[in-house]
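The chain is numbered in sequence order, starting from 1. On a predicted model such as this, the values are computed, not experimentally measured, just so you know.
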Amino acid sequence: MSRSFDLIVAGGGHAGVEAALAAARMGLSILLITLNLDSIGLMPCNPAIGGTGKGHLVCEVDAMGGEMGLAADDTLIQMRMLNTGKGPAVHSLRAQMDKRRYHERIKGALERQAGLSLVSGEVVDILTRNGAVSGVKTDEGFIYSCRAVVLACGVYLKSRILIGDYARDSGPCGLLPANRLSDALRELGLPLQRFKTGTPARVKRDSLDFSKMEIQRGDVPTPSFSFMHGTLELEQQSCYLTYTNSRTHEIIKRNLSRSPMYSGRILAAGTRYCPSIEDKIVRFADKDRHQIFIEPEGLTTAEMYVQGMSTSLPADVQLEMLRSIAGLERCEVMRLGYAIEYDCLEPTCLDLTFQVKGIRGLFTAGQINGSSGYEEAAAQGFYAGVNAALYLKGESPFILGRDEAYIGVLADDLATKGTPEPYRMMTSRCEYRLSLRQDNADLRLTQKARRLGLVSEERYARLCRKQEAINDALLKLDAFAPPSEALAVYLESLGQSVPQTGVRLFDLLKRPLVRYCDLARLFGELPQLEREAEEQVDIMAHYDGYIEKQREQIERMRGLEDTALPAEIDYMKLDGLRLEARQKCNRIKPRNIGQASRISGVSPADVAVLLLYAKKGFNDEEN
């Protein structure tokens with residue numbers, strides 16, 4: 001059974017899928033080993049893809065030729081754009097998925113990919129030779145030789161399910177845990193930590209009274225994640241909104257001592273931004289109610305996901321608190337909510353490509369890196385898969401900066417800062433979010449990915465047409481328009497002042513409520529644009545001043561990001577650095593001064609010292 005591959009991916013979740021596909025598409029031979037072939041692309045928790053900040057990651061992965069956005073568009077049952085009452089920097093797509101169809105769609109993509117093999121098994125050891133990966137061993141005793149590995153183990157490492165006083169060693173959804181790999185990683189010297197997440201109950205659709213809830217419909221016209229799809233046409237499923245109440249809260253408070261979180265049975269760090277319902281009641285005691293969304297899990301199942309009520313309370317308490325909520329008074333619970341704790345890496349042991357420091361060819365991606373969420377996992381998997389392939393080819397790594405992509409922010413946050421709790425991507429983590437919108441991910445990233453061989457000619461041609469249309473429109477908008485009655489009527493209808501002399505069309509477009517499509521109707525010299533290109537032109541004009549300020553900020557920081565730090569520096573020998581900065585820099589091994597400046601414990605004074613060394617040269621004996 002022993003075979004040899006260029007790269008082995010351990011894990012078939014969202015990280016493993018993107019890693020395997022990206023590396024295979026770069027021409028390498030890939031083996032994906034997963035505990036259960038029926039759990040490929042599994043959504044064990046929320047039946048949704050996207051969300052605030054997360055939608056940006058999906059669009060970025062799609063822009064570079066990844067699979068998640070395409071598969072989500074093919075199998076979604078509802079799509080909504082979040083935060084539309086705010087500016088475009090925080091607009092984020094979120095789709096309700098048909099979980100079973102998504103799994104089938106993703107598994108089919110893997111099975112059809114040339115150069116990629118699938119096998120069911122559990123990786124229990126990473127084999128190394130002279131400090132580099134040489135293969136893996138499975139629980140059946142099979143040895144597979146390879147030159148690189150991507151570990152994408154999700155929440156399965158020594159995973160344990162807890163419901164009240166009940167506990168069992170298990171992965172999510174009753175799947176088997178991976179109990180031996182943690183010890184192998186410790187033997188390799190990797191630092192592990194223990195995290196916890198959880199999921200709510202699933203209830204039967206026919207047992208709910210939707211008349212007592214607020215209906216939540218999808219957007220029409222329906223937007224898409226993938227830049228290849230445009231507007232989607234489908235019959236969407238509705239979600240429903242209801243609320244907890246004082247009775248719900250009283251039931252939870254009365255039973256807190258039976259929750260593993262409060263009884264001391266769970267010691268792992270939990271998710272700050274997706275707390276359990278019992279944690280919400282304690283932390284937000286001033287709130288008299290909390291939103292609960294009832295979401296379908298697919299077209300062929302009666303299971304409904306109770307969003308907002310993640311819990312590890314005992315079964316009897318779960319049923320009582322659910323039935324205290326309007327519309328759920330007679331609900332039938334099909335699956336109980338539970339907490340799950342698991343081992344993961346302390347991610348500062350990784351470099352910015354997600355390669356483990358000190359073990360050549362060992363990459364990690366997804367929840368093993370301390371993150372949470374399908375989207376964060378997919379982004380890391382894509383990034384790790386690409387960089388593993390480049391490592392095998394002997395080429396320079398593919399690194400995205402914080403000013404280039406949310407993926408760059410994600411990688412830098414994990415590898416530079418680490419995380420004491422499951423990391424979740426949010427728009428607030430991105431200091432350049434006005435420039436890094438989900439709507440312009442293709443303009444930012446598709447050309448970069450084309451150089452890696454990950455972008456089809458069809459996708460690249462589509463990008464070129466869009467960019468040419470935008471450039472043509474911007475050129476035409478530089479013209480001046482004379483006063484006219486039609487323009488006066490249009491501006492007055494918007495409550496805008498009417499110019500008495502000629503005015504540049506771009507300056508007109510910068511005004512609130514003015515839209516390119518209206519100007520194109522008034523001024524025939526302006527070309528008609530497709531929706532995506534028109535959206536870009538509108539945003540460029542309306543936020544022109546803010547975007548320019550952000551460009552200036554990026555340029556100011558670029559000097560630090562471009563000032564490289566040699567990998568072999570022993571920071572303990574650098575005079576002028578405080579002891580904490582020396583220790584932290586020796587552990588993190590920052591690639592440049594920009595990364596060093598974001599390490600906790602490195603002060604502005606330390607950065608100034610590093611800049612001085614960089615200017616003089618780190619090997620100068622006078623230093």
Side-chain angles (χ1 to χ4, degrees), residues 128 131 182 185-195 267-269 272 343-360 362-364 368-371 380 397 399-403 408-423 428-431 553-554 556-623:
T128 61
S182 290
L185 296 178
R186 285 193 177 93
E187 289 179 9
L188 289 171
L190 302 187
L192 299 186
Q193 53 191 348
R194 192 84 172 155
F195 278 178
L267 299 177
R272 176 186 301 269
D343 288 347
C344 59
L345 292 178
E346 202 293 295
T348 56
C349 71
L350 308 172
D351 67 17
L352 290 178
T353 69
F354 295 130
Q355 183 171 204
V356 173
K357 297 168 188 170
I359 305 178
R360 300 188 305 280
L362 181 56
F363 295 77
T364 62
I368 191 176
N369 288 346
S371 64
Q380 291 172 69
I399 295 178
L400 293 169
R402 297 181 71 91
D403 60 333
V409 175
L410 173 62
D412 186 61
D413 279 352
L414 290 174
T416 305
K417 303 174 184 178
T419 180
E421 61 198 22
Y423 176 100
S428 59
R429 295 190 188 274
C430 179
E431 58 267 46
Q553 292 172 353
I554 290 170
R556 284 196 296 270
M557 278 299 297
R558 188 155 287 159
L560 297 181
E561 303 295 337
D562 289 344
T563 305
L565 292 171
E568 66 276 5
I569 296 174
D570 182 354
Y571 290 91
M572 298 303 294
K573 296 181 179 179
L574 296 188
D575 293 334
L577 285 182
R578 294 176 308 109
L579 178 60
E580 182 182 8
R582 296 182 200 178
Q583 293 171 337
K584 294 284 183 69
C585 285
N586 254 358
R587 183 164 62 88
I588 304 297
K589 292 294 184 183
R591 296 180 66 94
N592 54 60
I593 290 180
Q595 185 186 4
S597 72
R598 293 186 289 275
I599 298 173
S600 174
V602 175
S603 71
D606 296 321
V607 173
V609 171
L610 288 173
L611 281 169
L612 185 60
Y613 274 104
K615 184 177 180 180
K616 290 183 176 181
F618 286 94
N619 297 321
D620 190 332
E621 292 183 359
E622 295 182 1
N623 288 340

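How far CG of Asn586 is from CE of Met572: 6.5 Å, rounded to the nearest 0.5 Å. Atom-to-atom distance recorded for Glu580:CD and Ser600:OG is 6.5 Å, nearest 0.5 angstrom. How far CG of Leu185 is from CG of Asp343: 9.0 Å, rounded to the nearest 0.5 Å.
No side-chain donor-acceptor contact under 3.5 Å links Asn369 to the backbone of Pro347. Under a 3.5 Å cut-off, the side chain of Tyr613 and the backbone N or O of Asp575 do form a donor-acceptor pair. A donor-acceptor pair under 3.5 Å is formed between the side chain of Lys357 and the backbone N or O of Ile588. Listed for the Lys584 side chain is no donor-acceptor partner under 3.5 Å among the backbone atoms of Ala596.
The existence of a salt bridge linking Arg591 and Asp351 is excluded, since no basic side-chain nitrogen approaches an acidic carboxylate oxygen closer than 4.0 Å. Using a 4.0 Å cut-off between charged nitrogen and carboxylate oxygen, Asp413 and Arg402 count as a salt-bridge pair.
Across all their heavy atoms, Phe195 and Gly370 have their closest contact at CE1-O, 3.5 Å. Contact record, Ala269 with Pro422: O-CD, 3.7 Å, taken as the closest heavy-atom pair. The heavy-atom pair separating Val409 from Cys430 by the smallest distance is CG2-SG, 4.2 Å. Closest of all the heavy-atom pairs between Cys344 and Ile368 is CB-O, 3.4 Å.
Looking at heavy atoms from C-beta onward, Lys417 lies out of side-chain contact with Tyr423 at the 4.5 angstrom threshold. Contact of the Leu565 side chain with the Tyr571 side chain is registered, since non-hydrogen atoms from C-beta on lie closer than 4.5 Å. Contact of the Leu267 side chain with the Arg194 side chain is not registered, since no non-hydrogen atoms from C-beta on lie closer than 4.5 Å. Residues Leu574 and Arg582 form no side-chain contact, since every pair of their non-hydrogen atoms from C-beta on lies 4.5 Å or further apart. Residues Leu350 and Leu414 fail the side-chain proximity criterion, which asks for heavy atoms closer than 4.5 Å. Using a 4.5 Å heavy-atom cutoff, the side chains of Arg598 and Asp412 are in contact.
Side-chain atoms of Asp562 and Asn592 form no donor-acceptor pair, as typed in the model, at a separation below 3.5 Å.
For Gln193, the side chain to side chain donor-acceptor pair (under 3.5 Å) criterion is met by no residue, not counting sequence neighbours. With sequence neighbours excluded, no residue forms a salt bridge (Lys or Arg N to Asp or Glu O under 4.0 Å) with Lys589.
Taking a 6.0 Å sphere around CZ of Arg272, one finds it holds 12 or fewer heavy atoms contributed by other residues, nucleotides or ligands.
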